[in-house]
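All values below were derived from every heavy atom in this structure, side-chain atoms included, with hydrogens, water molecules and symmetry-related copies excluded. Lettering of chains follows the sequences in order, A, B, ..., and the numbering in each one begins at 1.
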Protein chains: 2
Amino acid sequence: MVPDPATYPYARPALTVDCVLFGLDAEDLKVLLIRRKLPPFQDQWALPGGFVRVAETLDQAALRELREETGVEDVFLEQLYTFGEIDRDPRDRVVSVAYYALINLEDHPLEAGTDASQAGWFPLDPVPALAFDHRSIFTLALGRLQGKLRYEPIGFELLPAKFTLTQLQGLYEKVLGQPLDKRNFRKKILKMNVLVPLAEKQQNVRHRAAQLYRFDEARYQQLREKGFSFEL
Amino acid sequence: MVPDPATYPYARPALTVDCVLFGLDAEDLKVLLIRRKLPPFQDQWALPGGFVRVAETLDQAALRELREETGVEDVFLEQLYTFGEIDRDPRDRVVSVAYYALINLEDHPLEAGTDASQAGWFPLDPVPALAFDHRSIFTLALGRLQGKLRYEPIGFELLPAKFTLTQLQGLYEKVLGQPLDKRNFRKKILKMNVLVPLAEKQQNVRHRAAQLYRFDEARYQQLREKGFSFEL
DNA sequence: ACAAAAGTGTTCACGTTACACCCATGC
DNA sequence: GCATGGGTGTAACGTGAACACTTTTGT
């Protein structure tokens with residue numbers, strides 16, 4: 001039950017969002033971190049994030065902070081968990097709604113925004129020491145990503161719109177940290193009927209050019225309504 | 001990045017918790033609702049919940065509200081999602097961290113607390129009209145419960161400590177809304193080795209007394225570390 | 001011609017599904 | 001003795017895992 005805020009007697013915790021932004025490049029999965037300009041944790045690495053304003057939703061706040069601090073615009077974004085330990089910020093009671101986000105590094109090179117003196121992509125092992133409880137947030141985000149990858153088609157967010165099956169397999173291997181069998185992987189993913197082959201192949205490779213595919217989102221939604229579930 | 005709250009220029013949203021408490025009785029799965037004493041949504045049904053205090057964590061706030069409004073003490077509680085739409089409360093900007101909770105109705109009969117004029121258990125179809133965006137919260141909670149039930153052993157939270165395989169199967173059928181094959185269900189769950197048969201049988205039933213089991217939490221954790229995953 | 005990655009099928013083991021009858025107990 | 005739910009095995013089927021060679025392209 002919600003008492004009338006006009007008569008609400010308690011002090012309010014502050015409310016922030018923090019974002020774990022994952023990107024995939026040719027080598028491996030990376031996470032975006034910001035170097036803090038101010039205390040506490042001055043000059044330490046931290047997740048991009050900031051205070052939620054009263055006139056924006058949580059999702060909007062997360063997108064705004066990502067834009068302001070990293071210049072990133074079009075990302076897949078999903079709420080992760082809300083962190084409310086009492087002492088997670090040494091200055092004040094701050095509750096933070098954490099998000100994870102996925103982006104394709106080939107199409108979106110990083111440009112640091114104005115809020116941060118530095119921003120950079122870091123490989124996952126090891127992740128540098130992080131401010132606040134950001135390591136816990138990061139760890140939870142990675143676990144969620146690994147989990148969701150298995151039963152929802154979110155991996156495509158980390159790839160360019162047109163991709164090869166080898167790229168897709170590589171993505172799964174890098175994120176899950178285990179090798180997969182090429183033939184079985186292809187059989188399984190193609191049988192799902194959510195990938196459409198394009199009338200186009202790889203260019204400028206010094207080996208046999210691979211078929212390019214795109215993920216058919218509409219087809220996926222259609223199948224999902226009939227009880228189909230993506231699983232790898 | 002988190003600016004110093006001392007110099008923080010923005011108004012703070014209010015922060016609440018709301019709980020979707022599920023209980024299972026002999027007939028079906030039920031949800032606990034509170035009748036609101038005050039406007040807005042006066043006399044409508046709502047989820048138990050209330051404001052988060054600065055000196056308590058989110059989990060503590062959820063447990064406190066459950067205790068105050070329903071008298072319930074020992075529950076399985078897990079954070080669900082944080083709702084931050086701007087107009088979800090007509091009076092003020094209120095962000096709410098939603099939880100879902102599971103309880104065994106046989107061991108814990110309801111006693112309404114002081115905060116609510118009425119509280120009651122409702123079957124799920126149909127759920128009555130709810131205040132605020134509580135229907136969305138409820139719907140998400142039910143989906144989460146159904147999803148988690150399949151790959152985590154949380155169902156036992158809805159049963160008494162000692163239960164029969166038929167009770168367990170009934171729980172799965174009621175929550176997932178589909179019939180299961182008795183022999184296959186038993187084979188599968190027993191093969192997991194997380195149920196221990198007790199030296200005890202049902203009493204006072206007018207048919208063959210069933211074997212009682214308990215869930216072996218320690219064994220489950222042990223198996224889980226070796227890569228085992230509960231699945232039904 | 002050689003290096004490099006693309007592409008392709010079959011076999012086997014295992015897990016999932018479907019299915020029907022006898023047993024113990026209380027009334 | 002009858003009504004009620006408890007308890008059990010097997011066969012067919014489908015899915016997942018293991019595994020190696022030929023093709024295409026650029027240099």
Side-chain angles (χ1 to χ4, degrees), chain A residues 25-28 106 149-151 159-160 162-174 176-214 223 227-232, chain B residues 24-28 106 149-151 159-160 162-174 176-214 223 226-232:
Chain A
D25 66 13
E27 289 78 45
D28 48 17
E106 291 185 31
L149 205 58
R150 296 172 181 279
Y151 62 93
L159 292 179
K162 303 170 181 181
F163 53 85
T164 68
L165 293 182
T166 302
Q167 279 180 292
L168 184 61
Q169 183 180 340
L171 150 63
Y172 273 84
E173 292 177 329
K174 286 168 195 163
L176 299 179
Q178 59 180 349
L180 298 170
D181 179 90
K182 183 162 69 162
R183 282 179 285 192
N184 292 338
F185 180 84
R186 287 170 180 236
K187 248 180 300 176
K188 201 160 174 183
I189 192 93
L190 288 176
K191 194 194 270 185
M192 291 187 197
N193 266 316
V194 295
L195 258 42
V196 306
L198 303 172
E200 200 177 345
K201 303 209 167 187
Q202 269 184 325
Q203 299 292 328
N204 306 322
V205 286
R206 70 180 192 291
H207 57 267
R208 176 174 178 178
Q211 177 65 242
L212 289 169
Y213 293 83
R214 70 174 176 83
L223 289 169
F228 165 81
S229 102
F230 185 94
E231 248 175 84
L232 258 173
Chain B
L24 189 77
D25 67 13
E27 288 77 46
D28 48 18
E106 291 186 33
L149 206 58
R150 295 174 181 281
Y151 61 91
L159 292 179
K162 302 171 183 182
F163 52 85
T164 68
L165 294 182
T166 300
Q167 278 180 294
L168 184 61
Q169 181 179 343
L171 150 64
Y172 273 85
E173 291 177 329
K174 285 168 195 163
L176 299 179
Q178 60 180 346
L180 298 170
D181 181 90
K182 183 163 71 164
R183 281 178 286 192
N184 293 338
F185 180 84
R186 287 168 181 237
K187 249 181 298 177
K188 201 161 175 181
I189 193 92
L190 287 176
K191 195 194 271 185
M192 291 187 197
N193 265 317
V194 294
L195 258 42
V196 306
L198 303 171
E200 200 176 344
K201 303 210 166 187
Q202 271 183 323
Q203 298 293 328
N204 306 321
V205 285
R206 68 178 194 291
H207 55 269
R208 178 175 176 178
Q211 177 65 244
L212 289 169
Y213 292 83
R214 69 174 178 83
L223 288 169
K226 294 179 194 151
F228 165 82
S229 102
F230 185 94
E231 247 174 85
L232 257 173

- prompt: Tell me: CD of B/Gln167 to C1' of D/dG5, nearest whole Å?
  reply: 13 Å
message: Rounded to whole Å, please give me the gap between CG in B/Leu190 and P in D/dG6.
response: 14 Å
task: Find out whether A/Arg186 and A/Thr166 are in side-chain contact, i.e. whether some heavy atom of one side chain is under 4.5 Å from a heavy atom of the other.
output: yes
- prompt: At under 4.0 Å between heavy atoms, what does A/Gln211 touch on the DNA or RNA strands: base, sugar-phosphate, or nothing?
  reply: sugar-phosphate
field: Side-chain heavy-atom pair A/Phe163, A/Tyr213 within 4.5 angstrom cut-off
entry: yes
- prompt: Rounded to whole angstroms, how far apart are CG on B/Leu168 and P on D/dG6?
  reply: 13 Å
- request: Rounded off to whole Å, could you give me the CZ-to-P distance for the B/Arg150 and C/dT16 pair?
  value: 14 Å
Kindly give the atom pairs (protein nitrogen or oxygen, nucleotide nitrogen or oxygen) under 3.5 Å for nucleotides 16-18 of chain D.
unit_1, atom_1, unit_2, atom_2, d
D/dA18, N7, A/Asn184, ND2, 3.0
D/dA18, N6, A/Asn184, OD1, 3.1
D/dA18, N6, A/Lys187, NZ, 3.3

- prompt: Hey, are the side chains of B/Leu232 and B/Leu180 touching, using non-hydrogen atoms and a 4.5 Å cut-off?
  reply: no
Atom pair distance, as rounded to whole Å: CD in B/Gln202 and C1' in D/dG7: 13 Å
query: Can you give one letter per nucleotide of nucleotides 21-27 of chain D, going 5' to 3': B for a protein heavy atom under 4.0 Å from the base, S for sugar-phosphate only, - for none?
result: --BBBS-
Test item: B/Tyr172 side-chain N/O and B/Leu149 main-chain N/O as donor-acceptor pair under 3.5 Å: yes
- prompt: Looking at B/Thr166, does any N or O in its side chain come under 4.0 Å of the phosphate oxygens OP1/OP2 on D/dG5?
  reply: no
- prompt: Is a donor on one side and an acceptor on the other found under 3.5 Å between the side chain of B/Glu200 and the backbone of B/Leu212?
  reply: no
field: Sidechain-backbone polar pair: A/Lys201 side chain, A/Arg208 backbone, donor-acceptor under 3.5 Å
entry: no
query: Looking only at atom types and distance, does a side-chain atom of B/Lys174 sit under 3.5 Å from a main-chain N or O of B/Ala26, one as donor and one as acceptor?
result: yes
message: I need the CE-P distance between B/Met192 and C/dG15, as an integer number of Å.
response: 12 Å
message: In whole Å, I'd like the distance from the CZ atom of B/Arg186 to the C1' atom of C/dC19.
response: 16 Å
field: Length of the CD-C1' vector between B/Gln169 and D/dG6, whole Å
entry: 12 Å
query: Would you say the side chain of A/Glu106 lies within less than 4.5 Å of the side chain of A/Gln167, judging by non-hydrogen atoms?
result: yes
field: 4.5 Å side-chain heavy-atom contact, A/Arg150 and A/Leu176
entry: yes
